[in-house]
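The structure appears below as structure tokens.
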Amino acid sequence: MQFCDLKKQYSLYKQEIRIEMDKVLDSAAFIGGPDIAEMEKELADFCGATYALGVSSGSDAIILSLLALGVKPGDEIIVPAFTFIATASMVSHIGAVPVFADVDPITFNITPESIEKNITSKTKGIIAVSLFGQCADFDAIDAKAREHGIFWIEDGAQSFGAVYKNKKSCAVADISTTSFFPAKPLGAYGDGGAVFTQNESHFHTLKLLRNHGQSKRYHHDMIGLNARLDTLQAVVIRVKLRHFADELKAREQAANYYSKNLKEMVETPVVLNGRQSVWAQYTIRLDRRDELKDVLNAQGIPTAVHYPMPLHTQSAFSKESLRHPVPVSEKLAARVMSLPMHPFLTKKDQDIVIEAVKNFFKS
Ligand SMILES: *Cc1c(COP(=O)(O)O)cnc(C)c1O
């Protein structure tokens with residue numbers, strides 16, 4: 001059993017992918033070209049954003065967004081304590097200070113109350129993560145940002161395609177980011193990502209920043225990065241996008257089947273009304289997490305802990321990043337466990353997982 005079955009996916013889309021990759025190889029045009037622009041249009045159409053730009057990774061997408069929004073060294077950016085490190089480390093990377101807010105015990109996403117507590121005169125913005133595939137509380141976060149005159153970024157690395165009321169992930173925040181890391185719901189065959197915005201001026205700045213601040217060949221209007229997406233990755237994304245809606249349905253089905261059969265034994269994921277998760281992870285909560293993990297792994301069932309340490313306990317961050325306690329993040333880190341989840345998971349595999357969990361609680 002695979003935690004995330006990329007081999008199966010490749011075997012199904014192999015012909016389409018090889019045809020498109022061969023075209024790029026034959027053209028010897030590896031950077032830029034029409035496939036990038038086409039992919040960007042398709043991504044924007046899929047999520048309802050006005051503008052999309054392919055970039056080199058989900059992490060670079062965050063750096064580009066912070067730079068485009070004018071973040072300077074010493075500025076404070078409020079981020080959740082319970083997320084992948086890149087949400088916060090990209091803030092530190094440009095000399096700004098990530099300030100850790102706590103998250104909701106049910107959705108695992110940053111709360112408006114915790115944002116409020118952490119606002120100071122130095123706060124320039126918020127990064128809300130749509131963790132495990134479910135959108136953060138966009139309305140409440142947007143309201144907080146407007147109230148305080150600051151920006152907000154959606155880190156949608158795990159949520160491209162997710163639904164929030166009548167909108168989608170990556171189409172609401174001032175700037176949104178996603179990742180095409182291979183194991184994300186929409187994954188490339190290497191690193192990649194995208195940024196999204198509704199704002200034309202942000203779009204132009206992001207576009208310059210992604211390519212050395214260059215407006216015309218060898219004319220540089222600002223200090224930028226090399227944060228472009230490879231054309232080979234863009235064609236992989238284009239092929240996978242053709243199948244993405246079907247994959248999301250299959251993920252949803254698998255998640256529902258797990259929940260129906262596990263909910264008496266463990267705390268299963270909750271998707272709030274009006275939202276659809278893309279199930280980047282299927283994450284349960286239980287007190288005996290480490291025990292169950294060992295038992296499942298011994299039976300050949302792969303599991304993962306996203307994430308075992310809340311970010312304020314990572315030695316990479318300075319003490320000034322934690323102003324208020326984050327008890328929910330701490331508790332989640334001790335209790336969460338992700339089960340195998342991908343669009344090609346069979347009922348047979350799921351039954352093996354469910355049976356193993358049942359036996360664990362019987363013993
Ligand atoms: C994966 C991930 C990132 C980073 O994306 P990369 O493409 O690996 O750089 C950032 N934030 C979150 C929440 C992620 O899950």
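Order of listing sets the numbers, starting from 1, for every ligand and every atom in it.
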Notebook entry, point to check: Any chance the side chains of His243 and Glu16 put a donor and an acceptor closer than 3.5 Å?
Noted result: yes
Notebook entry, point to check: Closer than 4.0 angstrom: is that true for some heavy atom of Asp155 and an atom of ligand 1?
Noted result: yes
Check: Between Asp191 and ligand 1, is there a nitrogen or oxygen pair with a distance under 3.5 Å?
Finding: no
Item checked: Arg146 with Asp174: basic N within carboxylate O range, under 4.0 Å -> yes
Item checked: Nearest heavy-atom neighbours spanning Val91 and Val79 -> CG2-CG1, 4.3 Å
Item checked: Distance from atom 3 (C) of ligand 1 to nearest protein heavy atom, with residue and atom -> Phe84 CD2, 3.6 Å
Check: Is Lys41 salt-bridged to Glu38, going by a charged N under 4.0 Å from an acidic O?
Finding: no
Notebook entry, point to check: Which ligand 1 atoms are under 4.0 Å away from a heavy-atom of Thr83?
Noted result: 13 (C)
Notebook entry, point to check: Lys184: heavy atom below 4.0 Å from ligand 1, yes or no?
Noted result: yes
Note to self: Strictly below 4.0 Å, N to O, side chains only: are Glu40 and Lys207 in salt-bridge contact?
What the structure shows: no
Check: Starting from atom 4 (C) of ligand 1, which protein heavy atom do you reach first, and at what distance in Å?
Finding: Ser59 OG, 3.5 Å
Next item on the list: Could you check which of Ser179, Ala188, Pro182 puts a non-hydrogen atom nearest to atom 7 (O) of ligand 1?
Entry: Ser179
Next item on the list: Look only at interatomic distance and state if Gly58 has a nitrogen or oxygen under 3.5 Å from any nitrogen or oxygen of ligand 1.
Entry: yes
Checklist line | Any side-chain donor near an acceptor of the partner, Asp102 and Thr111, under 3.5 Å | finding: no
Next item on the list: Can you sort out which atoms of ligand 1 are near Val129, meaning under 4.0 Å from one of its heavy atoms?
Entry: 13 (C)
Next item on the list: Answer yes or no: are there more than 12 heavy-atom neighbours, outside His93 itself, under 6.0 Å from its atom NE2?
Entry: no
Note to self: Please give me the minimum heavy-atom distance between Ser259 and Tyr282, naming the atom from each residue.
What the structure shows: OG-OH, 2.7 Å
Notebook entry, point to check: For ligand 1, which atoms, with element, lie under 4.0 Å from some heavy atom of Thr87?
Noted result: 11 (N), 13 (C)
Check: What do we get for Ala157 next to ligand 1 when only non-hydrogen atoms under 4.0 Å count, side chain, backbone, both or neither?
Finding: side chain
Item checked: Atom indices of ligand 1, in the order listed, that fall short of 4.0 Å to a heavy atom of Ser57 -> 7 (O), 9 (O)
